[in-house]
Amino acid sequence: MTAPPRHTRRQVLAGSLGAAATLAVGACTTPPAPPPPDPLGPVLAAAQADAALAEAVAAAHPPLTAAALGLAADRRAHAEAIRAEMLRATPSRPPPSSPAAAGQAAVAPPDRTAAGAALVTATRAAQAQAGGLVTALQRHRAGLVAAVAACCASHLAVLG
Amino acid sequence: MQRALATEHAAVWALQLATAFLAAEPAGQLAEAATTHRARRDTVDRLLRERGAVPVAPEAAYATPAPVTDQVSALHLLVTVETDVAAGWRSLIERTDDAAVRALAADALVDAAVRATRWRRTAGITPPTVPLPGAP
């Protein structure tokens, strides 16, 4: 059997003063600091930008149309899946449904070889970006970015 | 991890079966795929033993989704196999916080997606890619 802790009047007073101080600080800091940016934000932006680039290349260079449209469709699907996950995590902060640089349409390089190379460069960067997050995120998000990276790798096999 | 191992066992078996039906050019890719799948199988086997688990053993034979009688049906089987392998690895990523295991699984998921795409192209299946490999 242990005796219940005994508080002196001074201790009790000090405690309530501390609590009052905390409340005052809380009141001063409204509105609360915004939550840290979602690490999936750049992955969403890249997926949206890549889809726009691939669509522009598909329209400008018929020999690349099939591969570019396939890439555009998959990158759009990535953007949708990532956006849904960001929205699930922070419903109060809906991520942009179109690229941040809206109004600035993607332009395909006029040269066909350069256009193909631009798709390869973008897709390779996308694979590295998503793959680099596999060990850094929560489990279900890790699975999502790993799948995005794997899809980008499979497009590199198509683009050659 | 046992699921990833089980799909790798099935892949090794299916690749052996497909060898009989593939022309020379895809057969070269088949040999490369078989080597990779055996290496992955051995890595998972070792990781499981290191963690004190008993690795699942391969089945004597596996049911194929459709009879394998020619190159086209063999390629379809290979696409199915890589799809299953991808699902096994993605599921492992979503069940572990071990960074080394996640990295291994992510590499294996990339390989499976790339090989599935190659088999689809050889078989003339369009589109040759899926947006999220390993998705249920």
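- When each of B:His37, B:Arg41, B:Arg40 is paired with B:Glu8, the side chain to side chain donor-acceptor pair (under 3.5 Å) condition holds for B:His37 and for no other.
- Linking Ile, Leu, Val, Met, Phe, Trp and Tyr residues whenever their side-chain heavy atoms come within less than 4.5 Å places B:Trp89 and B:Trp13 in a single cluster.
- Per-residue counts of heavy-atom pairs under 4.5 Å with chain A were compared for B:Ala116, B:Ala113, B:Pro127; the largest is that of B:Ala113.
- A distance-only check finds a donor-acceptor pair linking the side chain of B:Gln71 to the backbone of B:Ala23 [under 3.5 Å].
- Under a hydrophobic-cluster definition in which Ile, Leu, Val, Met, Phe, Trp and Tyr are linked whenever side-chain heavy atoms come within less than 4.5 Å, directly or via other members, B:Ile93 and B:Val44 are assigned to the same cluster.
- Ranking B:Val101, B:Leu92, B:Val130, B:Asp98 against chain A, the residue ahead of the rest is B:Val130, based on heavy-atom pairs under 4.5 Å.
- Neither A:Val158 nor B:Val79 shares a network with the other; the hydrophobic side chains, linked directly or stepwise wherever heavy atoms of I, L, V, M, F, W or Y lie under 4.5 Å apart, form separate groups for each.
- Taking 4.5 Å as the heavy-atom cut-off, none of the residues of residues 48-70 of chain B approach chain A.
- Taking 4.5 Å as the limit, some side-chain heavy atom of A:Cys152 sits within range of a side-chain heavy atom of A:Arg75.
- Residues B:Leu104 and B:Leu47 are in side-chain contact: their nearest non-hydrogen atoms beyond the backbone lie under 4.5 Å apart.
- The closest side-chain donor-acceptor pair between B:Glu94 and A:His140, if any, does not fall under 3.5 angstrom.
- Counting heavy atoms from C-beta on, the side chains of A:Val57 and A:Leu71 never come closer than 4.5 Å.
- Annotation: maximal heavy-atom pairing with chain A below 4.5 Å, among B:Thr129, B:Asp111, B:Val114, B:Asp107, occurs at B:Thr129.
- Contacts of B:Thr96 with chain A are made by backbone atoms alone, with heavy-atom separations under 4.5 Å and no side-chain atom involved.
- Here A:Ala142 is the residue among A:Ala157, A:Ala142, A:Ala81 with the most heavy-atom pairs under 4.5 Å with chain B.
- The greatest number of non-hydrogen atom pairs below 4.5 Å with chain B, out of A:Val134, A:Thr135, A:Asp74, is found for A:Asp74.
- At a 4.5 Å heavy-atom cutoff, the contact between A:Gln138 and chain B is made by backbone atoms alone.
- With respect to chain B, the highest number of heavy-atom pairs below 4.5 Å among A:Leu69, A:Leu144, A:Val148 belongs to A:Leu144.
- No donor-acceptor contact under 3.5 angstrom links the side chains of A:Gln127 and A:Thr123, judged on distance only.
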